[in-house]
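Reminder, nothing fancy here: chain letters follow the sequence lines and each chain counts from 1. Worth saying up front: this structure is predicted, and the values here are computed from it rather than measured. Any value given below was found using the heavy atoms of this structure, including those in side chains, with hydrogens, waters and symmetry copies removed.
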Number of protein chains: 2
Amino acid sequence: MMAPSIWPVVSAISLGVGGVFGSLYERSKQHAANNLTLNPGKSNSGWTPFTQAAAAKQQYPSQPPSPNRSGEIMKFGFPDYGQIQMHDNYVISYDRRMRNAKWVFECLTRDEVKYNDAIDRTNCQFEVDQSVHPFFRSTNEDYRGSGYDRGHLAAAGNHRRSDGVMQQTFLLSNVSPQVGDGFNRGIWNNLEKYVRGLTKVYTRVYVCTGPLYLPHWESNRRQYVKYEVIGTNSVAVPTHFFKVVLGETKNQSYDLRAFVVPNKATSDDTPLKNFLVPIDVIERAAGILLFERLPKSLLRSVNAPL
Amino acid sequence: MMAPSIWPVVSAISLGVGGVFGSLYERSKQHAANNLTLNPGKSNSGWTPFTQAAAAKQQYPSQPPSPNRSGEIMKFGFPDYGQIQMHDNYVISYDRRMRNAKWVFECLTRDEVKYNDAIDRTNCQFEVDQSVHPFFRSTNEDYRGSGYDRGHLAAAGNHRRSDGVMQQTFLLSNVSPQVGDGFNRGIWNNLEKYVRGLTKVYTRVYVCTGPLYLPHWESNRRQYVKYEVIGTNSVAVPTHFFKVVLGETKNQSYDLRAFVVPNKATSDDTPLKNFLVPIDVIERAAGILLFERLPKSLLRSVNAPL
């Protein structure tokens, strides 16, 4: 649990009445634009990044609270709040409408990911997240016969401190429908291994992972989002997944890398750098802001060569 | 603004570490099942309600907080929190990924909706919601040439107390892309008028309105969600809209009615009762829970004849 004292801050931000939106994104966007572009021809073909949107130049003004009738209006409760849960070793925001996580946050160290004979993945089992209201849960039955793997977002292999810590990654709230051959058991697994490998280079590796539902153009010159839903709980099958990695050096400087990988079979030997994207592509598509509190002066590189 | 003292409660619920989920839904579901069924043949054809999901029988157990690394993991900030905003006369939860509201809550009274010569709708203008981060805003340009109306969720006509109160409903965060002829200017307008008319019957009318993105079956026996996105900000075009109405009598008993209307041209004289649905269809599809704090003993009817 977070300290109770920060909740008023959290709540104030969640009300949109304040909050500072750093210019890290502007900077990272510039870096990214300089260093690489999306690879439109191959693995990312057919989807539209959100970068065409007007650049965010102006500062986010605070809105003074005004007298209102919210106590009366909301007398019988709020339909939802953010669905953030703290586990021992990862933090998750759950999207009740999609029956998928919105994002999952980890902080890896060499110790956390170190191979440990005593921890046996085969002892772990996928289990329903009982803390999610029954209307919004995904279940093992939803996946059965769907053709999709139960793909971890916070990877099991990142959490080898104890059986309990690893088991928590098997909660179905941390799981999304993923194409098995060529994705979950292929390129996505390669990316997870790459990220774990970064713990040999960095003191800490912050990782944010989540699903995306990206639009594509159709022949009528209009854009659509289309994704499958599986099972009686209508679990959304993401079109893509993102992973954003922030490496912390012992001198407290930071390297950022942002990946988007399509949820489809992709040749196993595709270089991971082909999936690097400007971080704001992910932010816009997922509706999130990443590493807002990282002072931009500490950011050493964005999407630097792997 | 809500009283600061309730935030720890809000936050505790949002963390999923507790919270009581009332059995109102069970009750309302029974009522609804007794009183009506979806009209699969006509206006609702082609979409799949979420009611097949296993009924929620068990109570939602609380999860004890455990020691965790969340302070370390989240050192550089949370990617998002709930995006709830209080306006003078309505409350809104914004979905940054969809660039649409998730839900909008109003409490109508005869005074609030009374026609007022001094309030001129033509003085109001659609305006960007500056309190939404620029990455996630919708703009008037997004709608231009799209073929869709800028459709209010909290209806302008419900907020005639002052020009300022009405103007707040013209924030684009309260607006969704709606089919104009036959929907926004037709059946949806009829529904809004019906709801305003209820203020002559009830002391207060609580109204929750929002977009839906409903799945349909395709010939491969799989289900998909498909919706258009418009403009450079990729504003989602909902496939349907819901409106849930709770009428409060002067004796503090309550009548609930829940509507889902497809975002398409529909004959103007379609009876509104054709759009009544069990409330849990909306709850499951939107990822929300409605009127949780309403004691079920006070609920007099669900989807009673109009």
Specify the closest pair of heavy atoms between A:Leu290 and B:Pro79, including all atoms of both residues, with the distance to one decimal.
CD2-CG, 4.0 Å
For B:Arg284 versus A:Phe136, what's the shortest heavy-atom pair and its separation?
CA-CE2, 4.0 Å
Per-residue contact mode, B:Ser173 against chain A (heavy atom under 4.5 angstrom)
neither
Tell me, side chain or backbone of B:Glu218 under 4.5 Å from chain A's heavy atoms, or both, or neither?
side chain
Which atoms of A:Glu228 are under 4.5 Å from chain B, going by heavy atoms: the side chain, the backbone, both sets, or neither?
both
For A:Arg161, is it the side chain, the backbone, both, or neither that has a heavy atom closer than 4.5 Å to a heavy atom of chain B?
side chain
Nearest non-hydrogen partners of A:Met86 and B:Phe78, listed with the distance:
CE-CZ, 3.8 Å
Atom pair CZ (A:Phe135) and CG (B:Asp280), whose distance is rounded to the nearest 0.5 Å:
5.0 Å
Heavy-atom pair count under 4.5 Å with chain A, highest-scoring of B:Tyr90, B:Tyr227, B:Phe105:
B:Tyr227
Intermediate values then yes/no, side chain to side chain contact (heavy atoms under 4.5 Å, CB included), A:Lys226 and B:Val225:
CA-CA 6 Å; A:Lys226 183 178 181 183; B:Val225 171; over 6 Å; no
Within the distance-only criterion (no hydrogens, no angle test), does the side chain of A:Arg222 pair as donor or acceptor with the backbone N or O of B:Ser146 below 3.5 angstrom?
yes
Shortest non-hydrogen contact from A:Ser93 toward B:Asp80:
OG-OD1, 3.7 Å
Top contributor to chain B contacts, counting heavy-atom pairs under 4.5 Å, from A:Gly77, A:Gly210, A:Cys208
A:Gly77
Give me the atom names and distance for the closest heavy-atom approach of A:Arg96 to B:Ile288.
NH2-CA, 3.6 Å
Out of B:Leu246, B:Ile230, B:Val165, B:Val229, which one racks up the most heavy-atom pairs below 4.5 Å with chain A?
B:Val229
Per-residue contact mode, A:Asp142 against chain B (heavy atom under 4.5 angstrom):
neither
Output, in order, the C-alpha distance, side-chain angles, deciding distance and verdict of side chain to side chain contact (heavy atoms under 4.5 Å, CB included) for B:Tyr213 and A:Arg97.
CA-CA 10 Å; B:Tyr213 311 88; A:Arg97 185 164 67 79; 3.3 Å; yes
